[in-house]
Amino acid sequence: MEYRELQNRIRELVKEKNALLLAHNYQRAEIQEIADLTGDSYELSVKASKTEAAIIVFCGVRFMAESAKILSPGKTVLLPNAHAGCPMADMITAPQVEALRAQYPDAAVVSYVNTNAEVKALSDVCCTSSNAVNIVRAVPAKKVIFIPDKNLGSYVKTFVDKEMIIWDGYCPTHHHVYPEEIKRLREHYPDAPFVCHPECRPDVVALADRVTSTSGIIRFTREDAHRRFIVGTEEGILYQLRKNTPDKEFILASHGFICPNMKRTRLEDILLALEKRQEEIQLPPAIIEKARLPLERMIEMSAAPLSR
Ligand code: 13P
Ligand code: SF4
């Protein structure tokens, strides 16, 4: 099938089956183009929790679809490509969280949403890149175990006066972009602000004019008066940036900014997902019950977006 035909067929099925097609800002352009809603992890989890649709088709990675299932256990949640995982989420396991809890019994566990459901079930509250600073500030505990992203954890630490025990996880896509690349681009485009995601290394974040979530990057480049920007996150975001502000120029900070997992999902997978209800996210009810609390707490506690 031609790609336009595929897109049309998918839209027909979405309507027919009373489904909601969600796409993360890193998804392929042809998927974002036909999604009902696009957004960052926080926005998509909130949208998933409020939908009236019977089926949520989550074009993103597994932890995002799991979060949708945890927040809407009565709904069918489909992850069109079962292999779309997140290597950072797999860098911490439930037994490792249990061990941390035993080692630091007076600390609160704040887990980035980029974690598996079993890990969320052992957490006090979740956070995303858009609310991490506010969440860590707001938890009553003086000591915080922050999992699994050491880069986001280090970024948050610069804003809060709390003891933070930070896990050694990272996003392979963001972590392997280095300050030298950014400095070279800055010399070449001195008029362009550098805006990056907090999953970048601290020495990259230190060079940024703005540090924010994927949707925060979209908002910043729309509202800021500059005409071009150096963009420090996964290349899928360029679709939204160019759509929102076609008159501005966006320079991807590195050729390495590609998340192979976000790129696994293709239009063909979405069609099959809708036709065959696959892959349906299934989680043990006890995990759903426990993991729901930290996600709901995050939504309640979220206030101003993270920015610098
Ligand atoms: P956002 O929540 O900013 O969309 O980020 C999700 C993610 O996986 C970044 O790598
Ligand atoms: Fe995970 Fe990094 Fe991909 Fe985001 S970009 S889904 S953190 S591997």
Side-chain angles (χ1 to χ4, degrees), residues 22-28 31-32 35 37-48 58-68 79 81 83-92 110-116 119-120 126-135 146-153 155-156 167-177 195-201 204-205 208 210-221 231-241 252-265 295 298-299 302 305-308:
L22 297 180
H24 185 264
N25 291 325
Y26 293 161
Q27 287 290 289
R28 292 172 183 275
I31 293 175
Q32 294 195 49
L37 298 163
T38 57
D40 64 16
S41 306
Y42 178 72
E43 291 166 339
L44 292 178
S45 63
V46 172
K47 283 163 183 168
F58 212 121
C59 303
V61 291
R62 182 170 293 271
F63 77 80
M64 297 178 176
E66 280 187 356
S67 298
L79 178 68
N81 188 311
H83 302 290
C86 169
M88 168 154 60
D90 294 334
M91 286 180 192
I92 189 158
V110 178
S111 67
Y112 192 23
V113 282
N114 299 41
T115 43
N116 298 320
V119 166
K120 286 189 179 73
C126 290
C127 70
T128 73
S129 56
S130 71
N131 55 29
V133 171
N134 291 339
I135 298 284
F146 191 90
I147 55 173
D149 186 8
K150 62 177 172 186
N151 291 336
L152 179 61
Y155 177 69
V156 171
W167 192 249
D168 193 20
Y170 57 89
C171 161
T173 302
H174 287 81
H175 191 64
H176 294 297
V177 171
V195 53
C196 84
H197 197 276
E199 285 176 14
C200 289
R201 315 162 61 88
V204 167
V205 164
R210 187 78 162 198
V211 182
T212 183
S213 74
T214 54
S215 289
I217 292 175
I218 296 166
R219 276 190 295 274
F220 172 71
T221 56
V231 178
T233 197
E234 213 272 346
E235 67 85 37
I237 200 168
L238 294 174
Y239 168 77
Q240 287 295 333
L241 295 176
L252 197 66
S254 167
H255 295 302
F257 265 137
I258 295 176
C259 171
N261 282 282
M262 281 286 180
K263 297 296 177 272
R264 282 190 202 276
T265 307
L295 275 171
M298 168 185 80
I299 295 173
S302 291
L306 171 154
S307 62
R308 175 185 258 182

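Below, each value reflects all heavy atoms present in this structure, side chains not excepted, and no hydrogens, waters or symmetry copies. Predicted model, so just to flag it, every value in this text is computed and none were measured. Start at 1 and go down the list; that is how both ligands and their atoms are numbered.
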#### Entry: Thr214 N/O under 3.5 Å from ligand 1 N/O
yes

### Task
May I ask you to check if ligand 1 and His24 share an N or O to N or O distance below 3.5 Å?
yes

### Task
Indicate, as side chain, backbone, both or neither, the part of Glu234 found under 4.0 angstrom from ligand 2 when only non-hydrogen atoms are considered.
neither

### Message
At less than 4.0 angstrom from any non-hydrogen atom of Met88, what atoms of ligand 2 do you find?
### Response
7 (S)

### Query
Does even one non-hydrogen atom of Met262 get within less than 4.0 Å of ligand 1?
no

### Message
So is Asn261 touching ligand 2 or not, going by heavy atoms under 4.0 Å?
### Response
no

### Query
Where is the tightest heavy-atom contact between Cys126 and Val113, given as atom of each residue plus distance?
CB-CG1, 4.1 Å

### Query
Parallel under 30°, tilted from 30 to 60°, perpendicular over 60°: which one fits the rings of His176 and Tyr170?
perpendicular

### Task
Scan His197, Lys263, His174 and name whichever one has a side-chain hydrogen bond (donor to acceptor under 3.5 Å, both in side chains) with Glu234.
Lys263

### Message
With nothing but distance in play, are any N or O atoms of Asn25 less than 3.5 Å from an N or O of ligand 1?
### Response
no

## Note on the structure
Here the atoms of ligand 1 under 4.0 Å from any heavy atom belonging to Ser213 are 3 (O)

### Task
Check ligand 2 against Asn114 and write out every atom of the ligand that is under 4.0 Å from a heavy-atom position of the residue.
7 (S)

### Query
Going by the atom numbers of ligand 2, which of them fall below 4.0 Å from some non-hydrogen atom of Glu199?
2 (Fe), 7 (S)

### Message
Out of all atoms in ligand 1, which are within 4.0 Å of some heavy atom of Tyr26? Include the element for each.
### Response
7 (C), 9 (C), 10 (O)

### Query
In the protein, which heavy atom is nearest to atom 8 (S) of ligand 2, and how far is it?
Pro87 CD, 3.5 Å

### Message
Give me the nearest non-hydrogen protein atom to atom 10 (O) of ligand 1 as residue plus atom name, then the distance to 0.1 Å.
### Response
Glu199 OE1, 2.7 Å

### Query
Hey, is Thr128 touching ligand 1 through its side chain, its backbone, both or neither, going by heavy atoms under 4.0 Å?
neither

### Query
Nearest to atom 8 (O) of ligand 1, what protein heavy atom do you find, and at what distance?
Asn114 ND2, 3.3 Å

### Enumerated ligand 1 atoms positioned under 4.0 Å from heavy atoms of Ser129
1 (P), 2 (O), 3 (O)

## Note on the structure
Residue, atom and distance of the protein heavy atom nearest atom 5 (O) of ligand 1 read His197 NE2, 3.2 Å

### Query
Does Cys259 bring an N, O or S atom to within less than 2.8 Å of atom 3 (Fe) of ligand 2?
yes

### Message
For atom 1 (Fe) of ligand 2, what's the nearest protein heavy-atom neighbour? Residue, atom name and distance, please.
### Response
Cys86 SG, 2.4 Å

### Task
Would you indicate whether the side-chain heavy atoms of Phe63 and Lys120 approach each other to under 4.5 Å?
yes

## Note on the structure
Counting from 1 in the order shown, the ligand 2 atoms closer than 4.0 Å to a non-hydrogen atom of Cys171 are 2 (Fe), 5 (S), 7 (S), 8 (S)

### Query
Would you say Asn131's side chain and Ser302's backbone share a donor-acceptor pair under 3.5 angstrom?
no

### Task
Can you sort out which atoms of ligand 2 are near Tyr26, meaning under 4.0 Å from one of its heavy atoms?
5 (S)

### Query
In the protein, what heavy atom is nearest to atom 6 (C) of ligand 1, and what distance, to one decimal place, separates them?
Ser41 OG, 3.3 Å

### Query
N/O of Tyr42 under 3.5 Å from N/O of ligand 1, yes or no?
no

